[in-house]
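Letters A, B, ... mirror the listed sequences (proteins, then strands); counts begin at 1. What's counted below: heavy atoms across the whole structure, side chains too, no hydrogens, waters or symmetry copies.
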Protein chains: 2
Amino acid sequence: MDPKINEINGYLVSIFNDVLMIEERTLQTSQFKDVSIKEMHTIDAIGMYQEHTTSEVAKKLGITVGTLTVSVNNLVRKGYVNRVRSEKDRRVVKLALTKKGRLLYRLHDKFHRDMVRETLTEMSEEEAEVLMKGLLNLHSFLERTKEQLPE
Amino acid sequence: MDPKINEINGYLVSIFNDVLMIEERTLQTSQFKDVSIKEMHTIDAIGMYQEHTTSEVAKKLGITVGTLTVSVNNLVRKGYVNRVRSEKDRRVVKLALTKKGRLLYRLHDKFHRDMVRETLTEMSEEEAEVLMKGLLNLHSFLERTKEQLPE
DNA sequence: GTCAAATAGTTTGATAATCAAACGATATCG
DNA sequence: CGATATCGTTTGATTATCAAACTATTTGAC
């Protein structure tokens with residue numbers, strides 16, 4: 001059993017590092033050189049489809065609201081994000097992507113989808129099911145672990 | 001096909017974020033509060049078993065040698081890493097873990113192994129095989145992508 | 001209705017992570 | 001020997017991050 005654990009663990013670590021590195025390089029050699037990988041993930045968390053408040057996005061990213069405010073300042077300056085004060089509650093700020101932000105969002109999303117699509121080539125339906133089940137297991141374990149975490 | 005792609009993609013993103021967050025929190029509530037997650041990965045890249053040069057470790061981590069030098073300065077100060085000038089070639093620096101560094105390495109390794117072990121519970125041998133194959137596919141795709149990357 | 005407390009977000013000061021480029025020390029090769 | 005290459009360090013600038021102080025607004029208790 002142990003060799004299998006090591007092998008899977010090795011793949012996960014390697015996949016993790018590769019994805020980050022490829023995303024970073026892809027960005028730096030695209031028309032979006034002025035966006036870091038962290039900023040890319042912020043854009044991803046803001047999302048295309050609904051407006052999200054600063055607090056919601058910060059929680060999703062697992063960073064403090066202060067950190068997000070600073071990052072959003074830069075993304076607004078660079079033209080990727082719009083800030084809109086809520087009319088209902090003037091304390092609340094809603095974040096939304098600009099046209100340029102949405103273009104970048106789709107590009108990044110495509111990278112992810114291509115990555116997965118490529119992985120599934122040469123796998124049968126059933127094998128894909130099992131892969132999904134494995135990932136689901138891992139995901140459940142991590143969610144449980146997160147809950148048990150101190151504070 | 002597309003819903004499956006979205007689902008798998010979602011799991012992967014979520015898994016990556018969770019692993020990082022859990023590692024970070026686990027460190028901060030352990031006896032190793034003075035080590036950041038980035039430093040943890042540097043310790044991991046230095047490894048237990050052989051001596052590695054600064055250039056080798058930087059390449060493995062995908063960061064510049066300058067960045068690693070700064071990080072190693074801190075890890076030496078905190079007592080996790082030793083720097084040894086090579087006798088053969090006085091330009092070369094070999095990095096190695098101290099006793100405290102090796103203890104932390106094993107703790108981190110255990111977290112990863114437990115994570116994978118937990119994922120494999122309730123999976124049959126064959127299912128584990130298929131999961132591994134899926135991860136191997138993904139890994140191969142990423143390695144190929146990395147090679148095709150500009151510069 | 002007013003005022004205290006809670007909430008949402010911003011600002012600030014400090015520290016870590018990062019890169020590119022300049023630099024210093026050493027090795028190699030013609 | 002001397003030019004060039006290599007290895008690592010240092011430096012200056014930028015980004016990422018947090019905690020804590022702060023501002024503006026809402027809510028809730030009386």
Side-chain angles (χ1 to χ4, degrees), chain A residues 17 20-21 23-25 27-29 32-46 51-78 80-96 151, chain B residues 17 20-21 23-25 27-29 32-46 51-78 80-96 151:
Chain A
N17 291 333
L20 267 190
M21 187 182 306
E23 284 188 328
E24 180 104 61
R25 291 274 172 82
L27 270 176
Q28 292 317 306
T29 54
F32 302 107
K33 289 190 216 319
D34 61 346
V35 177
S36 75
I37 185 68
K38 297 276 184 175
E39 288 175 325
M40 183 64 249
H41 289 149
T42 300
I43 287 171
D44 191 71
I46 292 172
E51 292 186 324
H52 292 288
T53 68
T54 302
S55 297
E56 285 166 359
V57 174
K59 187 174 178 189
K60 194 166 169 186
L61 290 169
I63 59 181
T64 64
V65 187
T67 299
L68 184 57
T69 294
V70 174
S71 177
V72 167
N73 286 346
N74 292 325
L75 288 172
V76 168
R77 182 173 44 76
K78 294 176 187 171
Y80 293 96
V81 174
N82 281 328
R83 249 194 194 107
V84 185
R85 281 272 163 197
S86 162
E87 283 307 315
K88 282 189 205 145
D89 183 339
R90 307 275 311 138
R91 291 170 306 179
V92 171
V93 169
K94 302 228 173 143
L95 301 175
E151 95 234 55
Chain B
N17 290 334
L20 265 191
M21 189 182 304
E23 284 188 328
E24 179 104 63
R25 291 273 173 83
L27 271 176
Q28 292 317 306
T29 54
F32 301 108
K33 290 190 215 318
D34 61 346
V35 177
S36 75
I37 185 67
K38 298 275 184 175
E39 288 174 326
M40 182 65 248
H41 289 148
T42 300
I43 287 171
D44 191 71
I46 291 172
E51 292 186 323
H52 293 288
T53 69
T54 302
S55 296
E56 285 166 359
V57 174
K59 187 174 179 190
K60 195 166 168 186
L61 289 170
I63 60 179
T64 64
V65 187
T67 299
L68 184 58
T69 293
V70 173
S71 177
V72 168
N73 286 345
N74 292 325
L75 288 171
V76 168
R77 181 172 45 75
K78 294 176 188 170
Y80 293 97
V81 175
N82 281 327
R83 249 193 195 109
V84 185
R85 281 271 162 198
S86 162
E87 283 305 316
K88 282 190 205 145
D89 183 340
R90 307 274 310 138
R91 292 169 305 180
V92 171
V93 169
K94 302 227 174 146
L95 301 175
E151 95 234 55

Separation of B:Lys88 atom NZ from D:dT6 atom C1', in whole Å?
17 Å

End axis versus end axis in the helix from C:dG1-D:dC30 to C:dG30-D:dC1, the angle rounded to 10°, five pairs used at each terminus:
10°

Touch check for B:Ser71, heavy atoms < 4.0 angstrom, all strands: base, sugar-phosphate only, or nothing?
nothing

Candidate nucleotides C:dG9, D:dT10, C:dA17, ranked by approach to the side chain of A:Ser55 - the nearest:
C:dG9

I'd like to know if the side chain of B:Arg83 and the backbone of B:Lys94 have a donor-acceptor N/O pair within less than 3.5 Å.
no

So which nucleotide from C:dG9, D:dT17, D:dT10 ends up closest to the side chain of B:Val70?
D:dT10

If only side-chain N and O atoms of A:Thr64 are considered, is one of them under 4.0 Å from the OP1 or OP2 phosphate oxygen of D:dC18?
yes

Which of D:dT9, C:dT10, D:dT26 is nearest the side chain of A:Arg85? It is C:dT10

B:Arg91 side chain: which of D:dG8, C:dT26, C:dT11 is closest?
C:dT26

Could you check whether A:Ser36 gets within reach of a base, just the sugar-phosphate, or nothing at all, counting any heavy atom under 4.0 Å?
sugar-phosphate

When B:Leu75, B:Val81, B:Leu27 are each screened for side-chain contact (heavy atoms from CB on, under 4.5 Å) with B:Glu39, the one that passes is B:Leu75

B:Arg25 CZ - D:dT17 P separation (whole Å):
14 Å

With the side chain defined as heavy atoms from C-beta on, B:Ile63 is closest, among C:dT18, C:dG9, C:dA27, to C:dT18

Rounded to whole Å, please give me the gap between CG in B:Asn73 and C1' in C:dT15.
15 Å

Tell me which of B:Arg77 and B:Thr67 sits closer to the 5' end of DNA chain C, going by the nucleotide each one is nearest to.
B:Arg77

Counting just side-chain N and O atoms, does A:Lys38 come under 4.0 Å of either OP1 or OP2 of D:dT17?
yes

Looking at A:Lys59, I'd like to know if its NZ atom is crowded, meaning that more than 12 non-hydrogen atoms belonging to other residues, nucleotides or ligands lie closer than 6.0 Å.
no

In whole angstrom, what separates B:Asp89's CG from D:dA5's C1'?
12 Å

Heavy-atom closest pair, residues A:Met40 and A:Val35
N-CG1, 3.7 Å

Taking atom NZ of A:Lys60 as the centre, does the number of heavy atoms from other residues, nucleotides or ligands within less than 6.0 Å exceed 12?
yes

Minimum heavy-atom distance A:Ser71-A:Thr42, with the two atoms named:
OG-OG1, 4.0 Å

Regarding the side chain of B:Thr53, the nearest nucleotide among D:dG8, D:dT15, C:dT18 is D:dG8

Specify the residue among B:Lys94 and A:Asp34 whose closest nucleotide of DNA chain D lies further upstream toward the 5′ end.
B:Lys94

Protein-nucleotide distance (A:Leu20, atom CG; C:dA17, atom P), rounded to Å
15 Å

How is A:Val93 classified with respect to the nucleic acid when contacts are heavy atoms under 4.0 Å: base, sugar-phosphate, or nothing?
sugar-phosphate

What contact category does A:Val92 fall into here, base, sugar-phosphate, or nothing, at under 4.0 angstrom with non-hydrogen atoms?
sugar-phosphate

Between D:dT17 (P) and B:Glu24 (CD): distance, integer Å
10 Å

A side-chain contact here means heavy atoms from C-beta on lying under 4.5 Å apart; do A:His41 and A:Leu20 qualify?
yes

Rounded to whole angstrom units, what separation is found between the CD atom of B:Glu39 and the P atom of C:dT15?
14 Å

Take the protein atom CG of A:Leu68 and the nucleotide atom P of D:dC18, then report the distance between them rounded to whole Å.
10 Å

Return the minimal non-hydrogen interatomic distance between B:Val57 and B:Ala45, and the atom names on each side.
CG1-CB, 4.0 Å

